[in-house]
Amino acid sequence: MHPIHAQNAFLVELARVEKSQLDERILCTQIDFTNAPVVLTTSGGRVAVPLEADSEALARLLEPDLGPLDDPSEAAMSVYPSSGTLSSRWAELHYDLGRTEFLVLLNAAAGTSYQSLQLGDRTAILTLGQPSGNLTVEIDIDDYPVHAASEIGEAIDREGQI
């Protein structure tokens, strides 16, 4: 199981690549954190990437499956709110999850980390690993803005975990 701090940093770097794409395409539909390396499911297949990869390395590793990508840009990260497209909300979810302290606190309290994150039909399916078992949270990304921490907290309350 990867440490949540490293997973958060990875999600921020992935969001930087995603938000920099001028064509707003969805670069991956699933992120699997269960093993090293992290596996991204793309339209071209599955791509294994190191957890510590920065945005430039991620872009280089994704290009063979996705074709040329726009260079990652810090300026793209400052655009908020985004265009509201599915691809921009998916990227913002990655950024929000990567920046939230909520899950870092859960990790400190209960050993919580990401197992996977999958794009569904206008939702994201987040699986969190905990010593007591996995918790799956469906996050509505059709609403804007996305309130991931609230939805995760509500799921934890419903399931009685942690």
Side-chain angles (χ1 to χ4, degrees), residues 1-21 24-55 57-59 61-62 65-66 69 72 76-77 82 84-107 110-156 158-159 161-162:
M1 196 176 299
H2 299 295
I4 195 129
H5 289 289
Q7 292 174 328
N8 283 354
F10 179 87
L11 288 170
V12 169
E13 293 299 318
L14 178 60
R16 184 171 289 114
V17 178
E18 292 171 317
K19 290 176 73 95
S20 297
Q21 301 314 300
E24 293 195 10
R25 62 182 145 162
I26 295 173
L27 301 185
C28 69
T29 56
Q30 183 170 347
I31 305 164
D32 184 352
F33 286 107
T34 55
N35 297 304
V38 175
V39 176
L40 302 177
T41 302
T42 72
S43 60
R46 296 171 51 89
V47 180
V49 297
L51 183 63
E52 62 278 357
D54 65 11
S55 58
L58 284 170
L61 291 166
L62 289 169
D65 281 32
L66 298 175
L69 298 174
M77 299 301 283
S82 69
T85 63
L86 182 60
S87 62
S88 66
R89 289 192 306 267
W90 179 237
E92 282 182 3
L93 176 63
H94 297 155
Y95 184 73
D96 290 347
L97 288 173
R99 300 270 311 189
T100 186
E101 288 296 311
F102 176 72
L103 290 174
V104 173
L105 296 174
L106 287 179
N107 178 52
T112 301
S113 66
Y114 303 114
Q115 295 297 300
S116 66
L117 181 61
Q118 181 174 356
L119 180 61
D121 182 26
R122 312 304 275 186
T123 63
I125 310 300
L126 173 65
T127 303
L128 298 170
Q130 305 168 315
S132 61
N134 288 347
L135 172 66
T136 300
V137 182
E138 187 170 340
I139 301 170
D140 183 0
I141 61 173
D142 205 24
D143 286 340
Y144 193 74
V146 175
H147 300 286
S150 298
E151 294 195 38
I152 294 167
E154 289 170 9
I156 290 169
R158 275 193 309 273
E159 298 297 320
Q161 293 192 25
I162 301 190

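Proximity of a side-chain donor or acceptor of Glu13 to a complementary backbone N or O of Ser55 within less than 3.5 Å is detected. Looking at Gln21, its side chain does come within 3.5 Å of a backbone N or O of Val17 through a donor-acceptor pair. Trp90 places no side-chain N or O within 3.5 Å of a backbone atom of Thr29 that could act as its donor or acceptor partner. The closest donor-acceptor contact from the side chain of Thr123 to the backbone of Glu138 lies at 3.5 Å or more, if one exists at all.
The OG1 atom of Thr112 sits 10.5 Å away from the CG atom of Asn134 when rounded to the nearest 0.5 Å. Note that CD1 of Ile139 and CG of Leu97 are 5.5 Å apart. Values are rounded to the nearest 0.5 Å. To the nearest 0.5 Å, atoms OG (Ser88) and CD (Glu24) are separated by 5.5 Å. The distance from the CG atom of Asp65 to the OG1 atom of Thr42 is 4.5 Å, given to the nearest 0.5 Å.
Ion pair Arg89/Glu92 not flagged as a salt bridge, since none of the NZ, NE, NH1 or NH2 atoms sits closer than 4.0 Å to an Asp/Glu carboxylate oxygen.
Residues Ala124 and Leu117 come closest through the heavy atom pair CB-CD1, 4.1 Å. Ala76 approaches Ser20 most closely through the heavy-atom pair CB-OG, 3.7 Å. Closest of all the heavy-atom pairs between Gln115 and Gly129 is CG-N, 3.4 Å. A pairwise comparison of heavy atoms in Phe10 and Leu58 identifies CE1-CD2, 3.7 Å as the closest pair. Leu69 and Leu62 make their closest contact through CD1-CB, 3.9 Å (heavy atoms, listed as atom of the first residue, atom of the second, distance). The minimum heavy-atom distance linking Ile152 with Leu126 is given by the pair CD1-CD2, 3.5 Å.
The shortest distance between side-chain heavy atoms of Ser116 and Thr34 does not fall below 4.5 Å. Using a 4.5 Å cut-off on side-chain heavy atoms (C-beta onward), Ile4 and Asn8 make contact. Residues Leu128 and Tyr114 have side chains in contact (heavy-atom distance under 4.5 Å, counting atoms from C-beta outward). For the pair Phe33 and Leu51, the minimum side-chain heavy-atom distance is below 4.5 Å. Leu11 places none of its side-chain heavy atoms less than 4.5 Å from the side chain of Tyr95. At a threshold of 4.5 Å between non-hydrogen side-chain atoms, the residues Leu86 and Leu119 count as touching.
Here the rule is side-chain contact (heavy atoms from CB on, under 4.5 Å) with His94, and of Arg99, Lys19, Glu18 only Glu18 fits it.
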